[in-house]
Amino acid sequence: MAELKMETLVSLCKRRGIIFPGSDLYSGLGGTFDYGPIGVELKNNVKKAWWRSVVYERNDIEGLDAAILMHPRTWVASGHVEGFTDPLVDCKVCKKRFRADHVEEKDFFAFKIFIQGEGDTWDETGQIIYAESKKAAKALLQTCSASLPSGKNVRVEQAEGQPFHGKRCPECGGELTEPRNFNLMFKTFVGPVEEDAATVYLRPETAQGIFVNFPAIMDTMRRKLPFGIAQIGKSFRNEITPRNFIFRTREFEQMEIEFFCKPGTDVEWYEYWVNERYNWYRRFGIRAENLRLRPHEKTELAHYARACKDVEYKFPIGWSELEGIANRGNFDLTQHQTFSGKDLTYFDEESRERYIPYVIEPSGGVDRTTLAFLADAYREETVRDRQRVVLALHPFLAPVKAAVFPLLANRPEIVETARKIAMDLKKEFYTVYDDTAAIGKLYRRQDEIGTPFCITVDVETLADQAVTIRDRDSMEQERIAIDKVAVRLHEKFKI
RNA sequence: GCGGGAGUAGUUCAGUUGGUAGAACACUAGCCUUCCAAGCUAGUCGUCGCGGGUUCAAGUCCCGUCUCCCGCUCCA
């Protein structure tokens, strides 16, 4: 199959009621998307798959649903008020953008640029570049020679005058704009009168809701270390550039665990969770060749993180992060202890020690994960010289679990039987009934939204009380008694 | 925010030097149809992204604006 384009996926999602652009009626609002009737099922199933594997199938994790609005001091303690801003500068010449704190302040000298004319003469171009040495100036010429005539010899000569101390574009030596701050947190107000009200933030991550509930959960659930808290919820970031469909949006959903453990055991737990989370994506169908783990470089690590690995997926846009697993040490709890004045230490009865627990944080994006499952499931196949589009989603994730069709829509007994089967199945699975097209088209419609099983009532059904169950991927059919259908489906959905 | 590209039906796209908005698929209804986008008939669908301007006349030209796509940057 040809390389999947993001547009193809976007168009399928819109056409089949999976994902729509946000506020489309009003020409859209950047960085928002709405999950349609099929999409909400898929996304909910992704969340269920996660919750099931981290909460229900284990004994050491509790669930939580904390408020989106939190006391403003939370974000002072977490470092977001101070650090969740990016001072950015733009090069006025080559238009590249840099983090202001990543650009070094140096002494720069002015260099005139000459190009070789007839014979040995050198003509001054009038262009001036700034660099800390002649060698650096020559190097810069290599990277930004586009504005100079090609095929001519070029040289630089230091101009008269004092060195200039400050920041210049690392790419071309051009002048930079003043740094501008982008605060990535959304602000709003608590209280009806804006002027009197306290400023609060829409949480930029769900993690802090977990940290502040750590003592309450430990007490009420009689927990001892090691144990974790899992939470799924919306977060908000005023992204400068939301991009790539639901990959980066301003409003997004996270699924995060904070796993609390004894200092010294953290490295082992960190490795454990990296492995655990990687396997989760595999378990629900992501192909190994599209999934990888990427350790963060030292320079890439956040100030509080001792180690971090990303689970990356090969999206149509290239390899990108689905989830980060970080060893955060005791940074967060220490901060909250300091800012709240409450004791957040843990008394370890076994070793008779008191300490602040270390934390391992597997933090994934629900929307990104949903996108990865969609991209990984997308197939274009040729069947009898016709193309079929199929979402080969894991049955647990499939939005619609079963569809029921009458083979002949003009035979009332068949239609009635099919409707009844659909109604009965609805009590156990999300099932749809459809009779508005020929059987082939009905199958293909369900293929496009990834419905794993289609049940068809035919003429024989009236005599033998049996129907066919058609498999989405193999397109093979199995004939089975009507009263065995639900049981058979339960078997197929077992994971 | 900067640079580049683009917005026409649900989708993919055509639309000439400015002169009555089109195709295919999809969708709906009926007929037909004994299992993989079958056929026939009929039908719905657009303020041509939005707002101004030029013109007798704008999908087409001009200005503004919004949105999307590709890069820079950032993260779940």
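Residue numbers start from 1 in every chain, and the chains themselves are labelled A, B, ... in the order their sequence lines are given, proteins ahead of strands.
Ring to ring, A:F247 and A:F245 are not that close: their centroids are 6.0 angstrom or more apart. Taking the six-membered ring where the residue is Trp, the centroids of A:F429 and A:F493 are separated by under 6.0 Å.
Base pairing annotation: B:rG46 forms no Watson-Crick or G-U wobble pair, as no partner gives both donor-acceptor distances under 3.5 Å. With both pairing distances under 3.5 Å, B:rA24 is matched to B:rU11 as a Watson-Crick or G-U wobble pair. Base pairing analysis places B:rC61 opposite B:rG53; the two distances defining the Watson-Crick or G-U wobble pair are each below 3.5 Å. Base pairing of B:rC68: its partner is B:rG5, meeting the Watson-Crick or G-U wobble criterion (both donor-acceptor distances under 3.5 Å). Across all strands shown, B:rC74 remains unpaired; no Watson-Crick or G-U wobble contact has both distances below 3.5 Å. In a base pair of the Watson-Crick type (N1 to N3 plus N6-O4 or O6-N4) or a G-U wobble (N1-O2 and O6-N3), with each distance short of 3.5 Å, B:rG39 is matched with B:rC31.
A:F405 comes within 4.0 angstrom of nothing in the nucleic acid, heavy atoms only. Counting any heavy atom pair closer than 4.0 Å across all strands shown, A:L442 reaches no nucleic acid atom. Residue A:S363 is classed as a sugar-phosphate contact, given heavy-atom separations below 4.0 Å to backbone atoms only. Using a 4.0 Å heavy-atom distance criterion, A:T206 is classed as making no nucleic acid contact. Counting any heavy atom pair closer than 4.0 Å across all strands shown, A:T249 reaches a base atom. Residue A:R368 is classed as a base contact, given a heavy-atom separation below 4.0 Å to a base. Among the heavy atoms of the strands, none lies under 4.0 Å from A:F20.
For the pair A:Y443 and B:rA37, the ring geometry does not qualify as stacking, because the centroid separation below 5.5 Å and plane angle under 30° are not jointly satisfied.
A donor-acceptor contact under 3.5 Å is not formed by the side chain of A:E321 with the base of B:rC75. Taking only distance into account, the side chain of A:R237 meets the base of B:rA76 through a donor-acceptor pair shorter than 3.5 Å. At a cut-off of 3.5 angstrom, the base of B:rC36 holds at least one donor-acceptor pair with the side chain of A:R470. Interface remark: the A:E448 side chain does form a donor-acceptor pair with the B:rA37 base, using a distance-only criterion of under 3.5 Å. The base of B:rC32 has none of its N or O atoms less than 3.5 Å from a complementary donor or acceptor on the side chain of A:N410.
A distance of about 46 Å separates the C1' atoms of B:rA29 and B:rG53, rounded to the whole Å. Comparing B:rC45 with B:rA26, their C1' atoms are spaced 11 Å from each other, to the whole Å. B:rG49 and B:rC35 are spaced 44 Å apart, taking the C1' atom of each and rounding to whole Å. Going from the C1' atom of B:rC36 to that of B:rU28 covers 22 Å, rounded to whole Å. Nucleotides B:rG4 and B:rU8 are separated by 23 Å at their C1' atoms, to the nearest Å. The separation of B:rC63 from B:rU20, taken at their P atoms, amounts to 25 Å, rounded to a whole angstrom. B:rC61 and B:rA23 have their P atoms separated by 24 Å, with the value rounded to a whole Å. Of the P atoms belonging to B:rG15 and B:rA6, the separation is 13 Å, rounded to the nearest Å.
Side-chain N/O atoms of A:K441 include none lying less than 4.0 angstrom from OP1 or OP2 on B:rC36. Side-chain nitrogen and oxygen atoms of A:R445 include at least one within less than 4.0 Å of the OP1 or OP2 phosphate oxygen of B:rC27. Not one side-chain nitrogen or oxygen of A:K234 sits closer than 4.0 Å to the OP1 or OP2 atom of B:rA76. For A:N244 and B:rC70, the shortest distance from a side-chain N or O to OP1 or OP2 is below 4.0 Å.
The aromatic rings of A:H80 and A:W75 stand perpendicular to each other, their planes meeting at an angle above 60°, with 30° marking the opposite boundary. Below 30°, between 30° and 60°, or above 60°: for A:F227 and A:F260 the angle between ring planes is between 30° and 60°, a tilted geometry. Classified by interplanar angle (parallel below 30°, tilted 30° to 60°, perpendicular above 60°), the ring pair A:Y56/A:W51 is perpendicular.
In the set B:rC75, B:rC36, B:rC35, B:rC35 carries the atom at the smallest distance from any side-chain atom of A:D458. Picking from B:rC35, B:rC36, B:rC75 the nucleotide with the shortest atom distance to the side chain of A:F247 gives B:rC75. For A:K14, taking side-chain heavy atoms from C-beta onward, the closest of the listed nucleotides B:rU11, B:rA38, B:rA76 is B:rU11. For A:A438, the listed nucleotide lying nearest its side chain is B:rA38; candidates were B:rU28, B:rA38, B:rC35. Set against B:rU11, B:rA76, B:rA38, the side chain of A:S11 has B:rU11 as its closest nucleotide. Minimum atom distance to the side chain of A:Q477 is reached by B:rC35, of the listed B:rA38, B:rG10, B:rC35. Listed nucleotides B:rU12, B:rA37, B:rA76 differ in distance to A:R444; the shortest reach to its side chain belongs to B:rA37.
Protein atom CH2 of A:W50 is 12 Å distant from nucleotide atom C1' of B:rA76, rounded to whole Å. Regarding A:F315, its CZ atom lies at a distance of 13 Å from the P atom of B:rC70, rounded to whole Å. Between A:L12 atom CG and B:rU12 atom P the separation is 11 Å, expressed in whole Å. When rounded to the nearest whole Å, the span between CD of A:E381 and C1' of B:rA37 equals 14 Å. Atom pair A:E323:CD and B:rC75:C1' shows a separation of 14 Å (rounding to whole Å applied). Distance, A:R479 CZ to B:rU34 C1': 11 Å, rounded to whole Å. As rounded to whole Å, 15 Å separates atom P of B:rA38 from atom CG of A:L408. Following rounding to the nearest Å, A:E256 (CD) and B:rC75 (P) show an atom-to-atom distance of 15 Å.
Comparing A:F33 and A:A409 by the nucleotide of RNA chain B that holds the closest heavy atom to each, the one mapping nearer the 5' end is A:A409. Across the interface with RNA chain B, nearest-nucleotide mapping of A:E253 and A:V459 shows A:V459 to be the residue nearer the 5′ end.
Here the side chain of A:R250 pairs no donor or acceptor atom with the backbone of A:T32 at under 3.5 angstrom.
Nearest approach of A:E256 to A:E205, heavy atoms of both residues: OE1-C, 4.3 Å. Contact between A:F331 and A:S78 at its shortest, heavy atoms only, is CE2-O, 4.0 Å.
Using a cutoff of 4.0 Å between basic side-chain nitrogens and carboxylate oxygens, A:D434 and A:K441 are not scored as salt-bridged.
Atom NZ of A:K314 sits in a sparse spot, with 12 or fewer heavy atoms from other residues, nucleotides or ligands closer than 6.0 Å.
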